[in-house]
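Right, one structure below, let's go through it.
Keep in mind that the numbers below use all heavy atoms, side chains included, and drop hydrogens, waters and symmetry copies.
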Amino acid sequence: MARRRNGPGSRHGRDRRAAVVHAHGGRARFTGQAPAAAVVGGGLAGVAAATGLAERGVRVTLYESGPDLGGRLAGWPTRLADGSTVTMSRGFHAFFRQYYNLRGLLRRVDPGLGSLKPLPDYPLRHSSGLHDSFARVPRTPPLSALGFVALSPTFGVRDLARMSPRAALPLLDVRVPEVYEQLDGVSAHDFLARIRFPEAAHHLAFEVFSRSFFADPRELSAAELVLMFHIYFLGSSEGLLFDVPAEPFPTALWDPLRGYLERHGVSVRTSTSVRQVRPQPDGGLNVTTDQDTTRCDALVLALDGAGLRQVVAASPELGDSDWRARIDQLRTAPPFLVSRLWLDRPTAPDRPGFLGTSGYGPLDNVSVLDRWEGEAARWARRTGGSVLELHAYAVSPDADRGAVQAEAVRQLHRIYPETSRARVVDERHEWRADCPMFPVGGYRDRPSVRSPDPAVTVAGDLVRTGLPVALMERAVTSGFLAANAHLERWGVRGQTLWTVPRAGRSLPLRGLAALGG
């Protein structure tokens, strides 16, 4: 690892302490006959892996079970009751500025990142009436933490006096992977209780963040929460503001990336599910789909947890017994809801494009899509209406889904009263349960990028990378690392990566953190 310096690297972000992850050296690329690689899964992790391999001349086949690329960021057309054809998806995603490797992937097709649009704030609202905002919070640590405490209404003098500074010391010097050794055995909820974190701030800020992992804080590993605090707050000066795609995911991301892959010789096979993988005596693998069986020299499994379990269970010769058992134990987070509403009138002009919520029943956030997405804005201008999206995370599997949908809309009416007077032109409700769960004590059982078979790697946001990355950035980073592992075997140079610092950035704060060791 090395600190970033001035020069071309500055395009990766504003943080001068962002760290470079040097790839192994070797030939620039294959010339002549190149090996064949199969990448299973066409989401962010799979596309990153296919990109890293194809750019070095590897013959890549990318398999995706869905009709298009995108995985959990896929989009698809749907026809509304008014005759409009629009794009539906699994909902809002925040593209934070410290997602260096995700942004590097997008720069392949959009060098200036013009497909992303910045949102001016990340506001939070609790049903008690408390509001928080990150627009005015300084971005450079430790001023970021001090500024948040000073500006937030959830931190009073009495609250600060009741906190346990010693218990909070791990936040000051987060190290990866050591943070998992320290805190993976504790829940996020219990960790915050140990600190005696102010209840209001717990609900308004940290619960909103922890639920972005689609999990209840009582089930989520404290190590993941603390890592997130490092990535977005004390470990990075990129801040908590973010960008969003200015058009639906297919237009902004997947159509351009598919074209890029195909121009690099990748065979993209959508609507094709891989059923089984069989290692061969010569070190290669046979990949079987419903249509055929194809031999490859390397394999990247870039699937969600359920898909990975299914392929591994159907491939009894893959890996070893310990690896297979750990994959079989992977857990999926509880169901979540994405509701999109096309209304016949606009929301109030001061409504933000995105609002995180707490204390409003199942409702976790509200997006006004026509504030930032081009397709939604064009529909709103044409009809005089608005397009809203509601998210509800960590819903009980036994919940009445119709009741949850209705309650989320009812809470929307509380937050934005003008929506209660609007007629719903049309609506879509997407229920999914395919995000990884990071339970207390689960880190050691998660797969790493490398498997017992050097010809097989694993990628995705469920994978251990040993780097301070999470969510979409973990998916992309693991995809590039999976490609690098194969390229290293073949003596070909890998992809250089970037992360936020792997340890606390302030020497005085690191010294304080050592007192809690």
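Nearest heavy atoms, Met437 versus Thr332: CB-C, 3.7 Å. Smallest separation of non-hydrogen atoms from Leu487 and Gly52: CD1-O, 3.8 Å.
With contacts defined as side-chain heavy-atom distances shorter than 4.5 Å, the pair Phe92/Arg340 does not qualify. Under the 4.5 Å side-chain criterion, counting only non-hydrogen atoms from C-beta, Phe229 is not in contact with Leu225.
The existence of a salt bridge linking Arg258 and Glu64 is excluded, since no basic side-chain nitrogen approaches an acidic carboxylate oxygen closer than 4.0 Å. In summary, Asp304 and Arg432 do not engage in a salt bridge, as defined by a charged side-chain N under 4.0 Å from a carboxylate O.
Both tests pass for Arg474 against the ring of Phe438: distance under 6.0 Å to the centre and angle within 45° of the axis.
Using a distance-only test at 3.5 Å, with no hydrogens or angles considered, a donor-acceptor pair links the side chain of Thr272 to the main chain of Thr270. Checked by atom type and distance alone, the side chain of Asp364 pairs as donor or acceptor with a backbone atom of Tyr393 at under 3.5 Å. No donor-acceptor distance shorter than 3.5 angstrom exists from the side chain of Arg97 to the backbone of Gly239, with no hydrogens or angles considered. In this structure, the side chain of Asp344 engages the main chain of Arg423 through a donor-acceptor pair within 3.5 Å. Of the possible polar contacts, one joining the Asp110 side chain to the Ser115 backbone as a donor-acceptor pair under 3.5 Å is found. Side-chain atoms of Arg29 come within 3.5 Å of backbone atoms of Glu55 as a donor-acceptor pair (strictly under, hydrogens ignored). Judged purely by atom type and a 3.5 angstrom limit, Glu375 has no side-chain atom pairing as donor or acceptor with the backbone of Val86. Of the possible polar contacts, one joining the Glu473 side chain to the Asn101 backbone as a donor-acceptor pair under 3.5 Å is found. For Arg90 (side chain) and Ala74 (main-chain N/O), no donor-acceptor pair under 3.5 Å exists by modelled atom type.
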Kindly indicate, with the supporting measurements, whether the criterion salt bridge (charged side-chain N to carboxylate O under 4.0 Å, His left out) is fulfilled by Arg446 and Glu224. CA-CA 13 Å; Arg446 285 158 53 187; Glu224 289 292 341; 2.9 Å; yes
Evaluate the side chain to side chain contact (heavy atoms under 4.5 Å, CB included) criterion for residues Ile415 and Leu363: first the C-alpha distance (whole Å), next the side-chain angles of each, then the deciding distance (0.1 Å), finally the verdict. CA-CA 10 Å; Ile415 298 169; Leu363 186 62; 3.6 Å; yes
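Between Phe242 and Phe96, a ring centre-to-centre spacing shorter than 6.0 Å is recorded.
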